[in-house]
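Worksheet: the structure to be examined is printed underneath.
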Amino acid sequence: MTEYAVVNPATGETVARYDSFTDAQVEQTLRTAEEGFETWRKLPVAERARMVRRAAELHRERRKELAAIIVREMGKPFAAAVGEVDFSADITEYYANQADVITADQPLTILGEGTAVIRRSPLGVLFGIMPWNFPYYQVARFAAPNLVLGNVIVLKHASQCPESAAAIEAIYRDAGLPEGAYVNVYVSAEQAARIVADRRVQGVSVTGSERAGAAVAEVAGRHLKKVALELGGSDPFLLLGTDDLDAVVAAATAARLDNTGQSCNAAKRFIVMDGLYDEFLAKFATVMAASPLGDPMARGTVLGPLSSLEAATRLQGQVDRAVAQGATVVTGGSRDGAYYQPTVLTGVTPEMEAYREEFFGPVGVVYRVADEDAAVTLANDTGFGLGSYVFTNDPEQAARVADRIEAGMVYINLVLADSPELPFGGIKRSGTARELGLLAADEFVNKKLIRTAG
C-alpha cells in the first residue's frame, strides 16, 4: 500500500498522513468524474473559462499558504515556492484567456466544392499522474487547458504531496466547478494502473521518471489510450563564445541550481570551448560553492534540502560511483541529511555511468571541447532530448547550432525563461508530448472533420 504522507525533508519530521483510497472509493471517483464530464462539457466555453480564471485568482489569494505547504512537502525554499504558485496562477489564467482560441473551429481550404472545418471537442475523463518537484506548476499546465476544453481531471499526485494535492482540489471546488470536474485520488501504483485501463478514462498524462512513464504507457497502449509523457532530461549548456563570462557563469549556476537542482529541464552538462574552459570552470565552481544552503523557510536561502533523504542518498551514490570510475570532484560532493552541497564534476567519459545518467540535484558536469562540431556531437550524445542552452556572441552560430541540437527546446543566451505561452516538451527518452502554449490544448481533444457539400 502506497503511503501518502508529508515528511519535511529539512527536519525529517512526519507532519501529516493521509488515508489511501479503497477500491470502492476509486470506483466512486471514476463514476463521479464520468457524470461530471456530462455536466462540464455542456457548459458554455465562457462559463468554463470564468471558473478556471477564478481558480487562478484563488492561487494568488492563497499564495503564502500554498507555498508553505510545498516547503513542508519537498523542501522548496519559500521564495521559490511563492514564485511557483504565482507561475501556476499565470498558466491557469492564460488558458482561461485563450478559451476562444483553443476551442475555435478551424476552417480548411479544400480542393472541391463546399466547406470543411476542424471542430475541437473534449475527450472525457483524463487521468494525470504528477511528480513532487513542482507540485502546483505541473498540475496547472495539465489541468488548466483541458478543463477549458471541457475535459475533466482525475489527479494522482506524488505520495509525498498529499497536502498540495488536496489544496489544488479545494481551489477548483471553490472556483465553482461542478462535482467530478476535478477530483484528487490517493492511490497505489496498482490502483493507478487499473484507472489507466478503465473504460471511462480517455487519456493519461504522466510527468515523472522514465520508469514510471514506460510502465504507464505500457498499460495505456494495451487499452488503446492516448498517453502524454514528460520525463527526464540531461540538458546541455553549450558555451561557444561570450563577451561577458561572469554573466554566463551566473546563468549557468542559476540554470543548474533552480529548484535545488531538481528540474527535468535544468542545465546539467556544461560543454565549454577549449579557450574558455579553464576560466569558466574556476568561476563556475566558485559560484556554485558559494551558493547558500539553509532553512527553506528562511529569507535568502537559495538551496533547501533535496526532496527527501532517499533522494539525497541516491544522488550521493551517483557522485560516489562517478568518482570511483575516474571523475574528479572540483567542489562539493557530499551531503548532510537531505541537504546536498552544490557539486561540480569533471573528467566524466563515455565509459562511465555518469555520462548517461541524469543528476537530479545540484550537480553539474563540465566538459571541454575543441570546436563547434565537437560541442554539438557531445550535446546530442544522450538518450535524453528535453531542453538545451546555447551561449554565443555569434548570431549565425546560434541559429546553426540550434538547428543541429536534438531537443524539444533550445534557449539562446538566456535561462529560466519558461512562460505560459511557450510550449514545453522533448524528444527521445524525454517524452512524447507538449505542455504549455497552444500546443498543450491539442493533446487531449477530438479534432473532428466536418465536411459539407457545396
Side-chain angles (χ1 to χ4, degrees), residues 4-10 13 15-18 36 40 47-99 128 130-148 152-186 207 258-260 262 295-299 301 304 307 418-420 435-436:
Y4 283 81
V6 179
V7 180
N8 188 332
E13 176 190 6
V15 178
R17 287 186 169 88
Y18 287 69
W40 182 243
E47 183 66 6
R48 294 200 300 263
R50 181 190 66 78
M51 286 185 252
V52 171
R53 186 176 295 106
R54 178 57 184 151
E57 293 170 355
L58 290 172
H59 275 79
R60 296 189 179 105
E61 291 173 13
R62 302 173 186 180
R63 62 199 296 263
K64 291 185 178 180
E65 171 192 341
L66 294 172
I69 290 171
I70 60 175
V71 174
R72 293 191 294 270
E73 286 183 331
M74 49 78 62
K76 192 185 299 284
F78 183 74
V82 171
E84 180 183 336
V85 175
D86 290 344
F87 191 28
S88 302
D90 292 344
I91 292 167
T92 305
E93 183 177 61
Y94 170 79
Y95 286 108
N97 291 341
Q98 294 296 321
M130 296 293 113
W132 49 261
N133 58 332
F134 289 96
Y136 301 121
Y137 161 62
Q138 301 281 6
V139 174
R141 65 190 200 178
F142 165 59
N146 285 300
L147 287 170
V148 170
V152 301
I153 305 298
V154 175
L155 200 290
K156 178 202 175 303
H157 222 314
S159 60
Q160 70 193 76
C161 297
E163 191 174 3
S164 56
I168 299 168
E169 184 181 46
I171 280 175
Y172 280 109
R173 182 178 61 248
D174 294 347
L177 273 69
E179 185 178 10
Y182 184 103
V183 288
N184 174 59
V185 292
Y186 301 127
T207 299
D258 180 53
N259 202 37
T260 313
Q262 301 168 115
D295 178 355
M297 287 299 293
R299 184 184 300 273
T301 295
S307 63
D418 296 353
S419 189
E435 296 181 302
L436 298 179

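Below, all heavy atoms of this structure are taken into account, side chains as well, without hydrogens, waters or symmetry copies.
- Under the 30°/60° scheme for interplanar angles, the aromatic rings of Y4 and Y186 are found to be tilted.
- Taking all atoms of both residues into account, the shortest heavy-atom contact from I171 to L58 is O-CD1, 3.4 Å.
- Looking at R48, its side chain does come within 3.5 Å of a backbone N or O of V148 through a donor-acceptor pair.
- A salt bridge links E61 with R54: the closest approach of a Lys/Arg side-chain nitrogen to an acidic carboxylate oxygen falls below 4.0 angstrom.
- No side-chain heavy atom of T260 sits less than 4.5 Å from a side-chain heavy atom of P296.
- Minimum interatomic distance between C161 and P135 (heavy atoms only, all atoms of both residues): SG-CG, 4.0 Å.
- For the atom pair CZ (R173) and CE (M51), the distance works out to 15.0 Å, reported to the nearest 0.5 Å.
- Under the 4.5 Å side-chain criterion, counting only non-hydrogen atoms from C-beta, V185 is not in contact with L155.
- Cation-pi check for K76 over F134 is met; the charged atom lies under 6.0 angstrom from the ring centroid and within 45 degrees of its normal.
- Closest heavy-atom contact between A89 and H59: CB-CB, 3.7 Å.
- In this structure, H157 and P131 approach most closely via the heavy-atom pair CE1-O, 3.0 Å.
- Residues I168 and N184 are not in side-chain contact: their nearest non-hydrogen atoms beyond the backbone lie 4.5 Å or more apart.
- In this structure, the side chain of T92 does not engage the main chain of A55 through any donor-acceptor pair within 3.5 Å.
- Two residues are said to be in side-chain contact when any heavy atoms from C-beta on lie closer than 4.5 Å; E73 and W132 fail this criterion.
- Between Y137 and L436, some side-chain heavy-atom pair lies under the 4.5 Å cut-off.
- V52 is not listed as a side-chain neighbour of E47, based on a closest heavy-atom distance of 4.5 Å or more.
- For the pair E65 and R62, the salt-bridge criterion is not met [side-chain N within less than 4.0 Å of a carboxylate O].
- With hydrogens and angles disregarded, a donor-acceptor distance shorter than 3.5 Å links the side chain of E84 to the backbone of Y136.
- Closest non-hydrogen pair, F87 versus P420, comes out as CE1-CD, 3.5 Å.
- The two atoms that bring G180 and V152 nearest to each other are O-CB, 3.7 Å, heavy atoms only.
- Looking only at side-chain heavy atoms (C-beta outward), V7 and V15 stay at 4.5 Å or farther from each other.
- A distance-only check finds a donor-acceptor pair linking the side chain of N133 to the backbone of Q262 [under 3.5 Å].
- By the 4.0 Å N-to-carboxylate-O rule, R60 lies too far from D86 to be salt-bridged with it.
- With hydrogens and angles disregarded, no donor-acceptor distance shorter than 3.5 Å links the side chain of E163 to the backbone of I69.
- Taken from CH2 in W40 to CG in L147, the straight-line distance is 6.0 Å, to the nearest 0.5 Å.
- Side-chain contact between T207 and E435 is present, with heavy atoms from C-beta onward closer than 4.5 Å.
- Summarising the geometry, atom CG belonging to D90 is positioned 12.5 Å from atom CG belonging to D418; distances are rounded to the nearest 0.5 Å.
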